[in-house]
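Down below is the structure, laid out as structure tokens.
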Amino acid sequence: MKQLKITTWNINSLRVRLPQVLDWLKVHQPDVLALQETKVVNDKFPQEAFAKIGYHAWYSGQKTYNGVAILSREELQNIITDLPNLEDPQRRILGATLGDIRLLNLYVPNGGDLESEKYSYKLNWLERVKDYLQKSLVKYPRFIVLGDFNIAPEDQDVYDPEIWYENILCSTRERKALKNILNLGFYDSFRLFDQEQMSFSWWNYRQGAFRRNHGLRIDLILISKDLISNCKKAVIDKEPRRLKQPSDHAPMTSFFT
DNA sequence: ATGGTTGACGATCAA
């Protein structure tokens, strides 16, 4: 397998973060960058800016909220923006094929709080994604599901599990929904390697959370069993979070050979 | 005690 570097990054508005994304791409040159929360309609997607530095772009956006995109050095095929078993006006899904690898970029619903309709929407949405992946994995044994999952898989992915106990992003039912996806035969690539304690990918803008490393690891790259032997490294790059006007999320990258 | 931050948008809503 050719060397491959694949990144996920929730950039919380592509219009605001475009210069940072371009700078990051120039320095790190991943083969694929999956973006979430682009918050830009398709007509206004800045594809020329990416073309200039050698990236093709595919995107599924909407006004104000959500929106996903995939940037890639190589052409991608078989693009999908919706699942056949999930009708959803919210633009949260982008699937594509790179060579013999299938990619699914997800912006999983946040869920609001546990009593809200947003929470049941989140749980149902994850169930539909799981059903879709179960079928799709048969066709594409080399599969990468990546994005902002809005779920911290385990307590080790939370700076203070007691504060977050049964809170949104950490609750039992959503963790179970993620586990159901993993049980199809996916692996959290970050945990295939030794990592520092207290490694996170998201820090609230409030209360100096980043400075105090009060974060959660909710941005994930899941890989199917057939890709495990190819996966050599997985890292979260905290540098962009230190910049002025940062996204509240850091980019996460997995490396393959 | 309150509000604590950011973004889209143009009053609040979402995260």
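Quick note on labels: first sequence line is chain A, next is B, and so on, each numbered from 1.
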Please tabulate the protein-to-nucleotide N/O contacts below 3.5 Å involving nucleotides 12-14 of chain B, giving atom names and distances.
from   : atom 1 : to     : atom 2 : distance (Å)
B:dA14 : OP2    : A:K118 : NZ     : 3.4

Produce the list of close N/O pairs, under 3.5 Å, pairing protein atoms with atoms of nucleotides 3-5 of chain B; give distances to one decimal.
from  : atom 1 : to     : atom 2 : distance (Å)
B:dG4 : N2     : A:Q207 : NE2    : 2.8

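Exactly one of A:K39, A:Q36, A:H249 qualifies for a side chain to side chain donor-acceptor pair (under 3.5 Å) with A:N12. That residue is A:K39.
With rounding to whole Å, A:R15 atom CZ is found 10 Å from B:dG7 atom C1'. One interatomic measurement links the two molecules: CD of A:Q90 to C1' of B:dA15, which rounds to 13 Å at whole-angstrom precision. With rounding to whole Å, A:R17 atom CZ is found 8 Å from B:dT6 atom C1'. Rounding to whole angstrom units, CG of residue A:L18 and C1' of B:dA8 are separated by 17 Å. The distance between atom NZ of A:K44 and atom C1' of B:dA8, rounded to the nearest whole Å, is 11 Å. Distance CD (A:Q36) to C1' (B:dT6): 18 Å, rounded to an integer number of Å. Look at CZ on A:F210: it is 14 Å from P on B:dT6, rounded to the nearest Å. Between A:H249 atom NE2 and B:dA15 atom P the separation is 11 Å, expressed in whole Å.
Only the P atoms considered, B:dT12 is 16 Å distant from B:dG3, to the nearest whole Å. Taking atom C1' on both nucleotides, B:dA15 is separated from B:dC9 by 16 Å, rounded to a whole Å. The P atoms of B:dT6 and B:dT2 are separated by 23 Å, rounded to the nearest whole Å.
In this structure, A:R242 is not positioned above the aromatic face of A:F210 in the sense of NZ or CZ being under 6.0 Å from the six-membered ring centre and within 45° of the axis.
One finds no salt bridge joining A:R17 and A:D23 here, because no Lys/Arg side-chain nitrogen approaches an Asp/Glu carboxylate oxygen to under 4.0 Å. A salt bridge links A:D188 with A:R217: the distance from a Lys NZ or Arg NE/NH1/NH2 to an Asp or Glu carboxylate oxygen falls below 4.0 Å.
Grouped with A:Y205 in a hydrophobic cluster is no other residue, since no side-chain heavy-atom contact under 4.5 Å to another Ile, Leu, Val, Met, Phe, Trp or Tyr is found.
Qualifying ring pair (Phe, Tyr, Trp, His ring centres under 6.0 Å) partners for A:F255, counting only residues two or more places apart in sequence or in other chains: none.
Judged as a side chain to side chain donor-acceptor pair (under 3.5 Å), the pairs with a partner in residues 94-103 of chain A (not counting sequence neighbours) are, in order, A:T97-A:R102, A:D100-A:R142. For residues 158-169 of chain A, no pair satisfies salt bridge (Lys or Arg N to Asp or Glu O under 4.0 Å), with sequence neighbours left out.
Sequence order on DNA chain B of the closest nucleotides to A:K63 and A:N10 puts A:K63 first from the 5' end. Across the interface with DNA chain B, nearest-nucleotide mapping of A:G111 and A:N12 shows A:N12 to be the residue nearer the 5′ end.
A side-chain donor from one of A:S171 and A:Y119 sits under 3.5 Å from a side-chain acceptor of the other.
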